[in-house]
Amino acid sequence: MPTDNSHLIVAAARRRATATRRRAVAALRRMDDTGTAITFETVAREAGVSRSWLYNQPDLRTEIERLRARRRSIPAARPVPDRQRASDASLLRRLEAATERNRQLESENRELGCR
């Protein structure tokens, strides 16, 4: 009786699926980092996967659509990659620091008799 090697086929399919997903995610990150236009076509080409496969991956499809929409809303400027965007808390701290510095300068100007 032949040995059942189906578990090897299943394991190989899982490895192939994992590698495909990794390529697609890496391509999306690269494209976002470099400001490359993100469409299903360009991501598929960059990752070496099919467009139909991308459409059938709900998380990747959502991310491609999100990045594509973000790019459309900022046509003139090169979009900043998500990892480089300042958080709301960081922006608030910077604003508070600038406001405090302005108060200090105003106080120093009053002490010196400047307007």
Peer 1: Can you find a side-chain donor-acceptor pair between Ser87 and Ser90 that sits under 3.5 Å?
Peer 2: no
Peer 1: Does Arg29 CZ have over 12 foreign heavy atoms under 6.0 Å away?
Peer 2: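 No, the 6.0 Å shell around CZ holds no more than 12 heavy atoms from other groups.
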Peer 1: Would you call Arg103-Glu106 a salt bridge at under 4.0 Å N-O?
Peer 2: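 Salt bridge absent between Arg103 and Glu106.
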Peer 1: Go through the steps to decide whether Arg45 and Phe40 satisfy the test side chain to side chain contact (heavy atoms under 4.5 Å, CB included), and finish with yes or no.
Peer 2: CA-CA 9 Å; Arg45 193 175 325 121; Phe40 285 92; over 6 Å; no
Peer 1: Kindly give the heavy-atom pair with the smallest separation between Arg23 and Ala47, and that separation in Å.
Peer 2: NE-O, 2.8 Å
Peer 1: Could you grab the distance from atom CZ of Arg61 to atom CG of Asn56, nearest 0.5 Å is fine?
Peer 2: 8.0 Å
Peer 1: For Tyr55 and Leu60: C-alpha separation, side-chain torsions, deciding distance, then whether side chain to side chain contact (heavy atoms under 4.5 Å, CB included) applies.
Peer 2: CA-CA 8 Å; Tyr55 281 113; Leu60 294 176; over 6 Å; no
Peer 1: Is the shortest side-chain N to carboxylate O distance from Arg93 to Asp88 below 4.0 Å?
Peer 2: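 No.
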Peer 1: Search all heavy atoms of Ala37 against all heavy atoms of Met31 and return the closest pair with its distance.
Peer 2: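 For Ala37 and Met31, the tightest heavy-atom pair comes out as O-CE, 3.2 Å.
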Peer 1: Can you tell me how far the CG atom of Asn5 sits from the CG atom of Leu8, to the nearest 0.5 Å?
Peer 2: 5.0 Å
Peer 1: State the CG-CD distance between Leu91 and Glu96, to the nearest 0.5 angstrom.
Peer 2: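 Result: 11.0 Å between the selected atoms.
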Peer 1: Could you tell me if the side chain of Val25 sits less than 4.5 Å from the side chain of Leu28, heavy atoms only?
Peer 2: no
Peer 1: Taking atom CG of Asn109 and atom CD of Glu111, what is their separation to the nearest 0.5 Å?
Peer 2: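 Rounded to the nearest 0.5 Å, the CG-CD separation comes out at 9.5 Å.
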Peer 1: Do Asp4 and Ser6 have side-chain atoms, one donor and one acceptor, less than 3.5 Å apart?
Peer 2: yes
Peer 1: Would you call Asp32 and Arg70 a salt bridge, using N to O less than 4.0 angstrom?
Peer 2: yes
Peer 1: Heavy-atom distance under 4.5 Å between the side chains of Arg101 and Leu105, does that happen here?
Peer 2: yes
Peer 1: CZ of Arg94 to OG1 of Thr99: how many Å apart, nearest 0.5 Å?
Peer 2: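 Going from the CZ atom of Arg94 to the OG1 atom of Thr99 covers 12.5 Å.
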Peer 1: Between Asp59 and Arg21, is a salt bridge (charged side-chain N to carboxylate O under 4.0 Å, His left out) present by the stated rule, with each step listed?
Peer 2: CA-CA 11 Å; Asp59 57 331; Arg21 174 166 286 284; 2.9 Å; yes
Peer 1: Taking all atoms of both residues into account, what is the closest heavy-atom pair of Ala44 and Leu54, and its distance?
Peer 2: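 Distance-wise, the nearest heavy atoms are N-CD1, 3.6 Å.
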Peer 1: State which residues pass side chain to side chain contact (heavy atoms under 4.5 Å, CB included) with Arg22; sequence neighbours excluded, sorted by chain then number.
Peer 2: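 Partners of Arg22 under the side chain to side chain contact (heavy atoms under 4.5 Å, CB included) test: Thr18.
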